[in-house]
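Heads up, the thing below is written out as structure tokens.
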Amino acid sequence: MTTVFIISAPSGSGKSTLVKEVRGRVANLEFSISYTTRQPRGNERDGREYFFKARDEFEKMIAEGEFLEYAEVYGEDYYGTARRFLEKARAEGSDLLLDIDVQGADEIRREIPDSVSIFVLPPNRGELERRLRERGQNSDAVIRQRLDAAGREIENYGKYGYILVNDRLEESVKALEAILLSERLQRLDRTDAGLSDIAKSYRLENVRERLQPILQSFGKTAASVK
Ligand code: ADP
Ligand code: 5GP
């Protein structure tokens, strides 16, 4: 049985770094490589980080029903998850990890109600800005746009089963690994007390208080994002 894991985060939170690390640690975890119409960045390669497509090719794939979900992210480019990754995971009996935005997560939750979703947050807005600048792949204008988008994206945190504040990287990698493994075990009617305790501490209902200063740094309060 395939468990579908969704991971979303404001750009620059460290989601790609986390995903890369756990993919190296968790066996039987298929990763969906998305399709996008955006240009490759830095040393990204076609078929490794994304399948890079022209707009008309992407629209042809939409018309042919090849996507499980797709969205226009930042109102600019298309991003989409091909159905074939889910089919492949199911055929292999692997779990599937989707790195998708908040709109895509809404769509997958509708299509796959028992999917497990994880929202990654930076420790605060200042740190998010620092990480976006440190990554050195975006212009000032794009960084400003991503910070504005982050404020809107975090309003969706309450729809996610788990919230992972990515402060110390190694701790976050262990937390993500524990979430994936404990959910997997649970579906097999098994448990590992150590893993399940770690995972539980990241469940939405157990982190609400810790989120307050993070939301405030983005000019939000829990009440304003309900
Ligand atoms: P995303 O995929 O969420 O856009 P990245 O994984 O590209 O983000 O990370 C953005 C930047 O932050 C990168 O330069 C990365 O090395 C750095 N980074 C990631 N996690 C941490 C962390 N826990 N502490 C400090 N820097 C981090
Ligand atoms: P980036 O351009 O920084 O790689 O990604 C921008 C955003 O697009 C991220 O939030 C990422 O999660 C999201 N994204 C990547 N692939 C997909 C996808 O297949 N579907 C959706 N809906 N979002 C995606």
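We count ligands from 1, going down the list as the structure has it; atoms in each ligand are counted the same way.
Checking only distances, R38 does come within under 3.5 Å of ligand 2, N or O to N or O. Among the atoms of Q103, none of the N or O lies under 3.5 angstrom from an N or O of ligand 2. Polar contact with ligand 2: present for R41 (N/O pair, distance under 3.5 Å). For a threshold of 3.5 Å applied to N or O pairs, the pair formed by V73 and ligand 2 contains no separation below that value.
Residues N206 and S201 have side chains that never bring a donor and an acceptor to within less than 3.5 angstrom of each other. Using modelled atom types, one finds no donor on one side chain facing an acceptor on the other under 3.5 Å when comparing E66 with Y35. Residues D77 and T36 have side chains that never bring a donor and an acceptor to within less than 3.5 angstrom of each other.
Taking the six-membered ring wherever Trp is involved, the centroid distance between the rings of Y50 and Y79 falls below 6.0 Å.
Contacts with ligand 2 closer than 4.0 Å are made by side-chain heavy atoms of E69 only, the backbone lying farther away. Residue contacts with ligand 2 for Y50 involve side-chain atoms from C-beta outward but no N, CA, C or O (heavy atoms, distance under 4.0 Å). With a heavy-atom cut-off of 4.0 Å, E153 does not touch ligand 2 at all.
If you number the atoms of ligand 2 from 1 as listed, the ones under 4.0 Å from a heavy atom of K15 come out as 9 (C), 10 (O), 11 (C), 12 (O).
Selection from A82, S34, A149, A150 by nearest heavy atom to atom 19 (O) of ligand 2 gives S34.
Under the ring-ring contact (aromatic ring centres under 6.0 Å, His included) criterion, Y74 pairs with no residue, sequence neighbours left out.
Listed by chain and number, P10, S11, G12, S13, G14, K15, S16, T17, R131, E134, R135, N166, D167, L169 each place a non-hydrogen atom less than 4.0 angstrom from ligand 1.
By the 6.0 Å and 45° rule, R55 stacks over the aromatic ring of Y78.
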